[in-house]
Amino acid sequence: MAALSNQEVARAFSEMAELLAIRGGDPHRARAFHRVARVIVNLPESVDRMLRYGTLQKTPGIGEGTMHRVKQILRRGTFDDLEALRAQLPAGLRELVKLKGLGPRTVRQLYQRFRVTTVEQLEQAARSGLLAQLPRFGVDRIHAVLREIEAFKNRFGKAPLVEALRTVETIAGELREAGAVEVSPGGSLRRHKAMIGDLDVLAAADDPRPVVERFRSMGGVAREHSSGSAEASVRLESGQQADLWVFPLENWGAGLHAFSGSKEHVRALRARARRFGLHVSEHGVSTRADGRRVNPGRLEEEIFAAVNLPFIVPELRESLGEMEAAEAGRLPELVRAEDLRGDLHLHTSASDGSGTAREMARAAIELGYEYLAVTDHSQSLTVANGLDERRLAAQRDELRRLEAELGRLQLLAGCEVDVLADGTLDLEPSALRRLDWVVASVHEHFDMDAEEMTARVVRALETGYVDCLGHPTGRRLGRRDPYPIDLERVFDVARRLGVAVEANGDPYRMDLDDAGCRMAREWRVPVVIDTDSHSPAHLRRREFALASARRGWLEKHHVLNTRPVAELRDFRAGRLRREGLVVTVPSRTVLVETREEAPAAVRGELVDALRASPLADELRERLRVYLESGEDAELDAALRELASNPVQVAFNLLMAS
DNA sequence: GCCGTTTTCGGCCCGACTGTTTTCAGTCG
C-alpha cells in the first residue's frame, strides 16, 4: 500500500480537533490539534519520509504526542484517542458545527439534550419548537438557524481565486463611490489562496456609514447576514458570503493586518506583541501596562515594526515559519512577475488556442519577455486538434521565420505532449528530439491509483525527452480533484534526470499548488512558472502561477524561466546528452556554459553547513546525490571552496560523518 | 498539545456582534 498522503494524515488530526471542541474541555488542546493538522498539510516532504529521516520531530508544532499519533496513523490509518472520541460522538456533529451561528458548545447541547446528530434532525428540532427549550434560544435565533440550513442545502461552496478577485473588484468600485478612500481584499483572498470561501473586503473611510450602507444595498446581495456601525456581512446571489470592515484611515495598516489573516499568523504576531508588553489589534498598537496607544498603525509595516519584525508579505502569513524567518532575517525574496523572462507553455490556433503564433508572440513582447515556447497539443488529443510530427515540423519552420521577422523574441518550437496511459509519450523520438521544449502532461485516463499514476508519469520522464512536467496533479479547481500521485517519487526522478515541474497559471488549475511548490523547492526540482495560455490575453495569467509559487516560498533562483534562454537550451541539451539521446544542435544556437554561479551568500551558507559537525541529514543526502549524479552546481561550487577536488571532499565528508 | 525574553508549568490574540437578558455566553473573523 502506498504511504498515506500528508492530507490524509492531517485529516485525522482535524477530526480530532473538531470532536474535542464539541466534547468540551480545554479549548487550547483542540486548537493544538488544528495547528498540527495545518502543519502536516504544509510539510515540505511526506510525513512518512520525514518520520523516517528524523526531521518530523524537529518541525515546530510537532511534539511528542503528535509523533506517537503519526506513527499510529501510518500503521493503521487512525490513532487511539481519535477512536475513543469517535465512539463517544457521532460523525454528523462535525457537519453541524460548520453551520454559521452554531459553534461546538451549541452542537454539544443539541446532542446531549435532544440527540440531534444531522442537519435534517436539526431542522426538525427547530420546526417542532424543541430548540426553544435551550438556553438563550429565542424566536429570532431559531429563524436564523432555519435560514442557515437553507443556505447550507444549496451552498455553492468556495470560488476559485480568479472569480473571487473579480467579485471584489466590482464591490470595491461601489465602495469607492460611497466614499471609501482605500479598498483592499482581505483574508485568504489577499493571501492569494487558490480557493476562497468568504470574501473579505477592507475599506478606509472618515465616515463608515455610507460605505457600510452601500455594501448592504449593492446589486448582487441576496440577503443581509449581520451589520454593525463599521462592518457588515451579506450573502451574495452566487451563494458566497461577503464581509466588510471599515476603519479610519489612521488605522488602515492595523486593520489590513488584523483582517488579512491567517488567524494563526495574527495570533502568533499578537502573542509576540504580548512578550514585548504590547497589545496589537485593528485599532493599532498600545502598551499592555496602561493602554497608552503607541502607534495607530497607518501603515501595515508599522505593525510589524512594533514587534521588531520586517514586513511579511500576505502570501507568507500562514504561520508556517514566516515569523521565525523574519526574526532571523531570512525571509525569502519571493519570485515576482518581473523576474520572468518568458513563458514555456501555451497553445495557438494550430491546436485548441484562439490566437496565432504571431499574436501570441506580440503579446509576449508586450510583457517584456525574451522568449516563448509554443507548445501545442500532440496528436492523440484529437478533441484539441493535436499536432503530429509532420505538422510540428511545419510549425517549427513557421516559428523560425516569425522569429527572424520579429527580431526581439526567441521562439522555442515545443509541444505539450500527452503522457499516454502506459506512460509512453504521444510522439516518436524522431519528433521529440527535434523540439526545443517538451512539456509532458496527463490529459486522459485519470482513473488510476497512485501507484499506477506515479509509475506512468515516471516512465514518461525517464524517456529523457521531457523538459517539464505539465500540471503535475491534474486538478481542476472546484471541478476535479487532483489525481492520486506520489509527488515525492516524481520529484525524486525529476531531480535525478534534470526535469522541471510546472506551476500552471490557468486560474482553474493553479497546479502545482502552494504545498507542491514548497515540496519542489525542498526537493530542489526547478519550477517553471507558465500560463498554459489559449489566447494572447492569457499570458497575464502568470499571476495565478505566481500565487502558488510565492505561497510556496519560491525565490527567483528556484524558477527556471527567470534564466536566459541559453540556459534553458543548456538544461535540455545537458539531459539529452546524459541520457545518451542524440542531440541535434540548431546551427544558430551556441551551447555555452552560462549557468550562473550560485549567489555568494548562498554558497557561503552552504560552505558553513559543510564545515558543521555532524552534517545535517539533508546535506548528507544531497552529498550522496551529488556523488551519484555529479550534478548540483551550487554544492559543487561550495565544495571547491574547501579543496580543489570537490568529489574527493564530498566523499570524505560522507565517510567521516 | 505545544512551547519557553515569566522556560518543565502556566498560558495560549482580540474585538465586535447577536440574541438574549439585564450582564453575558457564544460565535465569528
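Note that the structure is a prediction, hence the values are computed from the model and not measured. Labels below follow one simple rule: chain letters A, B, ... track the order of the sequence lines, proteins then strands, and each chain is numbered from 1.
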Is any side-chain N or O of [X] closer than 4.0 Å to OP1 or OP2 of [N]?
X: A:H283; N: B:dA16; result: yes
X: A:R288; N: B:dC14; result: yes
X: A:S229; N: B:dA16; result: no
X: A:R105; N: B:dG26; result: yes
X: A:R136; N: B:dT21; result: no
X: A:R31; N: B:dC13; result: yes
X: A:H279; N: B:dG15; result: yes
X: A:R270; N: B:dC13; result: no
X: A:Q109; N: B:dG26; result: no
X: A:R274; N: B:dC14; result: yes

Quiz item: cation-pi between A:R541 and A:F544, 6.0 Å / 45°: no
Quiz item: cation-pi between A:R115 and A:Y111, 6.0 Å / 45°: yes
With heavy atoms under 4.0 Å as the rule, sort [X] into base, sugar-phosphate or nothing.
X: A:S233; answer: nothing
X: A:V39; answer: nothing
X: A:D198; answer: sugar-phosphate
X: A:E264; answer: nothing
X: A:P27; answer: nothing
X: A:F276; answer: nothing
X: A:R69; answer: sugar-phosphate
X: A:L269; answer: nothing

First of A:L102 and A:S226 reached from the 5' end of DNA chain B, by closest nucleotide: A:S226
Among [options], find the nucleotide with the atom closest to the side chain of [X].
X: A:T106; options: B:dG15, B:dT27, B:dG29; answer: B:dT27
X: A:D140; options: B:dG1, B:dA16, B:dT20; answer: B:dT20
X: A:P104; options: B:dG1, B:dT27, B:dT5; answer: B:dT27
X: A:R141; options: B:dT20, B:dC17, B:dG1; answer: B:dT20
X: A:S281; options: B:dG15, B:dG1, B:dG29; answer: B:dG15
X: A:R29; options: B:dA16, B:dC17, B:dG1; answer: B:dG1
X: A:K100; options: B:dT20, B:dG1, B:dC28; answer: B:dC28
X: A:H28; options: B:dG29, B:dG1, B:dC3; answer: B:dG1

Worked check of ring pair (Phe, Tyr, Trp, His ring centres under 6.0 Å) between A:H257 and A:F304: CA-CA 9 Å; A:H257 184 264; A:F304 289 102; 5.2 Å; yes
Provide, to the nearest angstrom, the distance between the [atom1] atom belonging to [X] and the [atom2] atom belonging to [N].
X: A:F247; N: B:dG29; atom1: CZ; atom2: P; value: 15 Å
X: A:H225; N: B:dT27; atom1: NE2; atom2: C1'; value: 11 Å
X: A:R272; N: B:dT6; atom1: CZ; atom2: P; value: 13 Å
X: A:K58; N: B:dC3; atom1: NZ; atom2: C1'; value: 19 Å
X: A:K193; N: B:dG29; atom1: NZ; atom2: C1'; value: 14 Å

Does a salt bridge link [X] with [Y], judged by any charged N lying under 4.0 Å from a carboxylate O?
X: A:R76; Y: A:D80; result: yes
X: A:E177; Y: A:R214; result: yes
X: A:K100; Y: A:D198; result: yes

Rounded C1' spacing from B:dC28 to B:dC13 in Å: 14 Å
Base-pairing assignment for B:dT27 (Watson-Crick or G-U wobble, both under 3.5 Å): B:dA16
A:H68 and A:E64: side chain donor to acceptor below 3.5 Å: no
